[in-house]
Number of protein chains: 2
Amino acid sequence: MKKKSVIEKNSSTEEKIKEAARKVFTQKGYAATRTRDIAEEAGYNLALINYYFRSKEKLFDIICLENIQLFIPSVLGILNDPATTLQEKIEILVSNYIDMLMKNPELPLFILSEIHKDPMTLINKVWSNNIRHENAYIIKQWQEFMASGKGPSVNPVHIFINALSMMIFPFVAGPLLRNRTGMGKEAFNKLMEERKKLIPVWIGTMLNIR
Amino acid sequence: MKKKSVIEKNSSTEEKIKEAARKVFTQKGYAATRTRDIAEEAGYNLALINYYFRSKEKLFDIICLENIQLFIPSVLGILNDPATTLQEKIEILVSNYIDMLMKNPELPLFILSEIHKDPMTLINKVWSNNIRHENAYIIKQWQEFMASGKGPSVNPVHIFINALSMMIFPFVAGPLLRNRTGMGKEAFNKLMEERKKLIPVWIGTMLNIR
DNA sequence: GTCTATAGACTGATAGAC
DNA sequence: GTCTATCAGTCTATAGAC
């Protein structure tokens, strides 16, 4: 019984509508998306969207939640692994993160846009307390690194910002970058692939600048 | 006669509506903005928005054009100055750019969002041939630098991307960053002020990595 | 579960008074 | 130039047939 309902949920109308909604919402944003667009993309009648999800807004909330959660699970295990060094953790994190972004290149701009239009609603709705990292092993390693005197002389927040910037921004500006440089999709992906190895090197250098 | 009409244009209803439109469009995007919001923000009746600008879309086009042009003029003179070195040009460009972003922190996300929703329309509408840099002096300096053998061993596009990322991304992610770090507006601006001097150093380091 | 038909609310735009 | 009143079109959501 339970098994059957799970199977049904994962691969039929409801799921198809959700996938269609994810695609259209992510590309056009909430306001510019019409329920008709979603229904058409899913190949069903627009009445079904309300049958399954009550309203456009409730469907949007679900998509937001799932989109944002894509950012999280790949990270938690790595942060708490006592077997890897700080530098190794950075290498793994950067590589995983860029992988995820290459699979979902439109995600960052979608999330940042919707947060910008209504900052607290989305953040509080979704982030609640999904992330708890106080006891992560990486914190201990970081504190040891800073205490050793080998850390950066600048505010470390700068380097954290730089790491996020170098990973995420190319995807946020993807269409513009490709248009300006005349780069194709493949060339762009090749470049991002290279960055998996380069970004940890740059971060490492910044951490030791004094 | 001519003088009078210019004065009228620059500081009355038409200009007030434009300022209101800039504010609301920039914050909510095109689709989520109602002409009523703009009229209310401007303190006038919504009929006037059509009286002066014919339609919501034509008004939006004007705002887009003006917003994107904010990115350009501050840059052109610097690129062509034979009196400054490459490193000095980078320092000035970064400083000016961050200044401009601190005055218009919402601009990058607005432009990137609207480009994403409809890539070619906006880019072609506005960019046409506003930017011509083939003969800029900086190109010559760059080619000399690369020919000297002191240039980076990685594809220089990476470093160009990094420079843009480190400057622009903090503003694109501003609301999220402030929320996650508990930073206030003043602390954020102080950080950005610091980055005016730091980013050229980081870029310089990247250019010499081999 | 899925479709058709339509209600009910909102939005951009205009006509016409002042 | 500015405002009021209103229309025509579009959108979300629902009622009801199948």
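The shown structure was predicted, so the numbers you read here are calculated from the model rather than taken from an experiment. Per chain, numbering begins at 1; letters A, B, ... match sequence-line order.
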### Task
Not counting sequence neighbours, list each pair that qualifies as a salt bridge (charged side-chain N to carboxylate O under 4.0 Å, His left out) and has a residue in residues 88-103 of chain B.
D99(B)-K196(B)
### Task
Starting from C1' on dT6(D), measure out to CG on N50(B) and report it in whole angstrom.
14 Å
### Task
Have a look at Y52(A) and say if it touches a base, only the backbone sugar-phosphate, or nothing, with a 4.0 Å heavy-atom cut-off.
sugar-phosphate
### Query
Are E114(A) and K117(A) close enough for a salt bridge, meaning some N to O gap below 4.0 Å?
yes
### Query
Are the aromatic rings of F25(A) and F60(A) close, with centres under 6.0 Å apart?
yes
### Query
Is there side-chain contact between I68(B) and I111(B), with heavy atoms separated by less than 4.5 Å?
yes
### Query
Sequence neighbours excluded, which residues qualify as salt bridge (charged side-chain N to carboxylate O under 4.0 Å, His left out) partners of R195(B)?
none
### Message
Tell me every residue that passes salt bridge (charged side-chain N to carboxylate O under 4.0 Å, His left out) with E41(A), counting only those two or more places apart in sequence or in another chain.
### Response
K23(A)
### Query
In whole Å, what is the span from the CG atom of L48(B) to the C1' atom of dT4(D)?
12 Å
### For chain A, the stretch of DNA chain C it reaches, first to last nucleotide, under 4.0 Å of its heavy atoms
dG1(C) to dT4(C)
### Query
Is any side-chain heavy atom of K56(B) closer than 4.5 Å to a side-chain heavy atom of Y30(B)?
yes
### Query
Which of residues 19-42 of chain B have a heavy atom under 4.0 Å from DNA chain D?
none
### Message
Going by ring-ring contact (aromatic ring centres under 6.0 Å, His included), name the pairs with one or both residues in residues 73-94 of chain A, residues two or more places apart or in two chains.
### Response
none
